[in-house]
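Down below is the structure, laid out as structure tokens.
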Amino acid sequence: MNSTNDDLAGIRRTSYISGMKPVLKKKALYSDTTGNFISPMEPTAYDLLTIRFRTAKNNVDKVLLVDDHVTHTMVKEYSDELFDYYSHEVQMDNERYAYYFEVYTGKMRTLFDTRGVVKEADDRYKFQVYPGFKTPDWAKGAVMYQIYIDRFYNGDKTNDVETNEYMYIGDYTQKVEDWGKYPATMGVREFYGGDLQGVLDKMDYLEDLGIEVIYFNPLFVSPSNHKYDIQDYDNIDPHIGKIVYDQGEVLSGDQRENRFATKYINRVTNKANLDASNELFAKVIKEAHKRGIRVIMDGVFNHCGSFNKWLDRERIYENAEGYAKGAYVASDSPYRNYFKFFDEYKWPYNHTYDGWWGHDTLPKLNYEGSRQLYDYIINIGRKWVSPPYNADGWRLDVAADLGHSPEFNHQFWHDFRKAVKEANPEAIILAEHYGDASSWLKGDQWDSVMNYDAFMEPLTWFLTGMQKHSDDFRNDQLNNAQSFWGAMKHHNASFSMPSIMTAMNELSNHDHSRFLTRTNRRVGRVNNLGPEAANEGVRKDVMREAVLVQMTWMGCPTIYYGDEAGVCGFTDPDNRRTYPWGHEDKELIDFHKKMIAIHKKCPEFKTGSIMVLGEDYGYIAYGRFVKDGQSAILVNNSDQEITKEVSMWTLGMKKDATVKRIMLTTEEGFDDSKVEYQLEGGKLTVTLPKHSAAIFRHKGALKLADDSLSQR
């Protein structure tokens, strides 16, 4: 009887044990579409793609790869001290390939997609690979520097726009004599004199800062200081280039028509001036290239300006030698169909053209009405990335607005990409876009975007609680780590890896308030608060936190000129203050130099994987890793000191590894001395001062995709 009871107990015990759910180490689960976990990272059509998934060692029963509701059992390919790596080979075709993972441990099923471990699969968050989509390697993680040309440095005073040189939007141009003057509220027609010679003069500074790419706001002939109303796409503006033949007069006090602005007309229509300016730009690019610095131009192709030679509303070109009549001037203009006119009976001087968002200074280009215009702009895209200029790519202004339909827009950018890449296969194409850009980021149109949704906005909300124009403060967003990670994961899902690695990650730019100003949490603009309010109560400690995140995040850290020197400002035009030569915040510049050097030295910050390591009120932690280096980034934006335990083993560090703190920012400044910490059980316990950020790094080899290839 006792024997029977013992047998029954044994059976029950065996049944209970077999039915138990083993403890799944969820922190160990990982995959992404970097070169760490897929090879090749940028497959061509019909390549054999190897996909890998990581689990804790001897922790799971099986891993499935799921694509289009078909499951594939992955094979355990290799192991190291901490992890098992599973792989599956996929024969690519010429279409987007999307997938996620299912992990089985006992009877427990766990799903993993771009968000990490999830309860339910969602098509939006699948990993995605576009065969044939390759972005230039030089651009992946490149440190960019945006220059608003009029406000950077005046290297040639002979080309300065003169006071009363011409009329623009109802008033005369103004030459600003005081370099440090705050921009006027309606300052579009005031000029400080920054130019390309100024960039040449400061090239040593840029090289010493460590930047790898210059992104120029528009440089083409234009009547405004921002130059988003282009007058002539074929030529660099002599006011920022070179004027070799200068004659004519500025407008007199009672003259308000630009057809009498003979000085301006000569400067911008004379071929000698235009050719000399183009040659100077070629010289700037050549000098930048000598120093290992690339150059990106700004392409404004949705609209032009009312001064444009094709329209000529200002009648600048009407009697200029070598120019055809503009479409505003004459009904038989060769450019008539470049624009959409609403009244066919208003010539000569037909003002009924279509303006972008109703602005008559920004006539919308009518590509659907003119194949000649279509081909012309495609050729402009090709021209400037080709010899003798050899620019390294384009940033595209309001790129989603071009054309009159989404279908046409996509076709245009498809053709634009083809032309630019044929002319210069290493050129980058970046677009300005707010919202989901996924329909343009499939490998056949744009390479990437200015990263508002998955960088600037989430980081700004978390660190400052401010909206990017300083138009709103939200206490519920300040220090809200859950909201930060939710936004980052949600918006990153719109990108494939070639786009993520080349996205422009900005803190500030010419369209939004300066980040340093956002740290004071003052809601408003210069017209209601005044410019001094932008300087008051700013927090350099929060700025340092932001820069440390910027330099360690996936993508291209992009510095808006002067941010590194402590420039403040509300949204435009106040954000377009001059670079403060002689009055720089040298400590902040030094910090930028150190962080740029760290970014460039550590390959994980250029092309590595990213992993969430923690979140709490005011606290975010994440890791970056490649085969040869792993880093953990910890940010404490709260008002008190905190102590945190971080699972460093999830980045591949051995449980007793030694890590070095290579940067610490605090309220007082920063410390880049190397401080060693010993991990215990693969974990780092560290105390962070209030309003601080730190980088902890371990340099050691991991067995990732590259290693496994040699073992097969």
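In this chain, numbering begins with 1 at the start of the sequence shown.
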Could you check Trp413 against Leu396 for side chain to side chain contact (heavy atoms under 4.5 Å, CB included), going step by step and ending with a plain yes or no?
CA-CA 10 Å; Trp413 292 125; Leu396 306 173; 3.5 Å; yes
What orientation do Phe220 and Trp384 show, parallel under 30°, tilted 30 to 60°, or perpendicular over 60°?
tilted
Look at Asp471 together with Arg525 and state whether they make a salt bridge at an N to O cut-off of under 4.0 Å.
yes
Within 45 degrees of the axis of the six-membered ring of Tyr561 and under 6.0 Å from its centre: does Arg514 put its NZ or CZ there?
yes
Are Glu318 and Arg259 close enough for a salt bridge, meaning some N to O gap below 4.0 Å?
no
Donor-acceptor contact present, side-chain Asn164 to main-chain Gly253, <3.5 Å
no
Polar contact flag, side-chain donor to acceptor under 3.5 angstrom, Asp453-Tyr434:
no
Asn159 and Lys242: side-chain donor and acceptor closer than 3.5 Å?
no
Mind running salt bridge (charged side-chain N to carboxylate O under 4.0 Å, His left out) on Arg291 and Asp204 for me, showing each step along the way?
CA-CA 9 Å; Arg291 299 166 184 257; Asp204 285 348; 2.6 Å; yes
If you measure only the distance, is there a donor-acceptor pair under 3.5 Å linking the side chains of Asn258 and Glu314?
yes
Taking the side chain as every heavy atom from C-beta outward, state whether Tyr353 and Asn366 have any pair of such atoms under 4.5 Å apart.
no
Verdict with supporting geometry, Leu209 and Ile589, side chain to side chain contact (heavy atoms under 4.5 Å, CB included):
CA-CA 8 Å; Leu209 189 61; Ile589 291 174; 4.3 Å; yes
Do Asn273 and Lys271 make a side-chain contact, defined as non-hydrogen atoms from C-beta onward lying under 4.5 Å apart?
no
Which residue in the set Ile240, Thr578, Leu206 passes side-chain contact (heavy atoms from CB on, under 4.5 Å) when paired with Phe152?
Leu206
When you measure from the centre of the six-membered ring of Tyr374, is the NZ or CZ of Arg371 closer than 6.0 Å and no more than 45° off the axis?
yes
Test the Arg576-Tyr192 pair against the cation-pi criterion, namely NZ or CZ under 6.0 angstrom from the six-membered ring centroid and within 45° of the ring axis.
no
Are side-chain N/O atoms of Tyr168 and Asp229 paired as donor and acceptor at under 3.5 Å?
yes
Any salt bridge between Lys227 and Asp150, counting N to O under 4.0 Å?
no
If you measure from the Lys or Arg side-chain nitrogens to the Asp or Glu carboxylate oxygens, is any gap between Glu279 and Lys283 under 4.0 Å?
no
Donor-acceptor side-chain pairing of Asp447 and Thr502 below 3.5 angstrom
no
Please lay out, stage by stage, how Asp208 and Lys593 fare under the test salt bridge (charged side-chain N to carboxylate O under 4.0 Å, His left out).
CA-CA 8 Å; Asp208 185 55; Lys593 286 182 183 178; 2.5 Å; yes
Start with the C-alpha gap between Asp232 and Lys309, add the side-chain angles, then the distance that decides, and say whether salt bridge (charged side-chain N to carboxylate O under 4.0 Å, His left out) holds.
CA-CA 6 Å; Asp232 181 352; Lys309 63 185 179 183; 3.0 Å; yes
If you measure only the distance, is there a donor-acceptor pair under 3.5 Å linking the side chains of Tyr205 and Tyr579?
yes
Identify whether NZ of Lys or CZ of Arg in Arg256 sits under 6.0 Å from the centre of the six-membered ring of Tyr172 and within 45° of that ring's axis.
yes
Could you verify whether a donor N or O on one side chain and an acceptor N or O on the other, from His303 and Asp401, lie under 3.5 Å apart?
no
What verdict does the side chain to side chain contact (heavy atoms under 4.5 Å, CB included) test give for Glu506 and Phe455, after you've listed the backbone C-alpha separation in whole Å, the side-chain angles of each residue and the deciding distance to 0.1 Å?
CA-CA 7 Å; Glu506 305 166 295; Phe455 186 76; 5.8 Å; no
Set out, in order, the CA-CA distance, both residues' side-chain angles and the distance that settles side chain to side chain contact (heavy atoms under 4.5 Å, CB included) for Trp347 and Asp332, then state yes or no.
CA-CA 10 Å; Trp347 276 287; Asp332 61 350; over 6 Å; no
So, His226 and Ser224: side-chain donor and acceptor under 3.5 Å apart, yes or no?
yes
Starting from the C-alpha separation in whole Å, work towards a yes-or-no answer on side chain to side chain donor-acceptor pair (under 3.5 Å) for Tyr264 and Glu162.
CA-CA 9 Å; Tyr264 180 73; Glu162 299 292 341; over 6 Å; no
Would you call Ser331 and Arg336 a side-chain contact if the rule is heavy atoms closer than 4.5 Å?
yes
Any side-chain heavy atom of Lys383 within less than 4.5 Å of one from Asp234?
yes
If I take atom CZ from residue Phe570 and atom CG from residue Leu529, how far apart are they, to the nearest 0.5 angstrom?
4.5 Å
For the residue pair Gln372 and Tyr338, confirm or rule out a side-chain donor-acceptor distance under 3.5 Å.
yes
Do Trp440 and Asn409 get their side chains close enough for a donor-acceptor pair, meaning under 3.5 Å?
yes
Indicate whether any N or O donor in one side chain lies under 3.5 Å from an N or O acceptor in the other, for Glu564 and Tyr145.
yes
Flag for Gln231-Tyr317: side-chain donor and acceptor within less than 3.5 Å:
yes
Does any donor atom in the side chain of Asn509 or Tyr148 lie under 3.5 Å from an acceptor atom in the other side chain?
no
Is the charged tip of Lys202 near the ring of Tyr153: under 6.0 Å from the six-membered ring centre and within 45° of its axis?
yes
Would you say the side-chain atoms of Tyr228 and Asn217 include a donor-acceptor pair closer than 3.5 Å?
yes
Is the closest side-chain donor-acceptor distance between Asn278 and Asn235 under 3.5 Å?
yes
Is the ring pair Tyr233/Phe301 parallel, tilted or perpendicular, if the boundaries are 30 and 60 degrees?
tilted
For Tyr182 and Glu532, does a side-chain donor sit closer than 3.5 Å to a side-chain acceptor?
yes
Closest non-hydrogen contact found for Thr158 with Asp246 is O-OD2, 4.5 Å
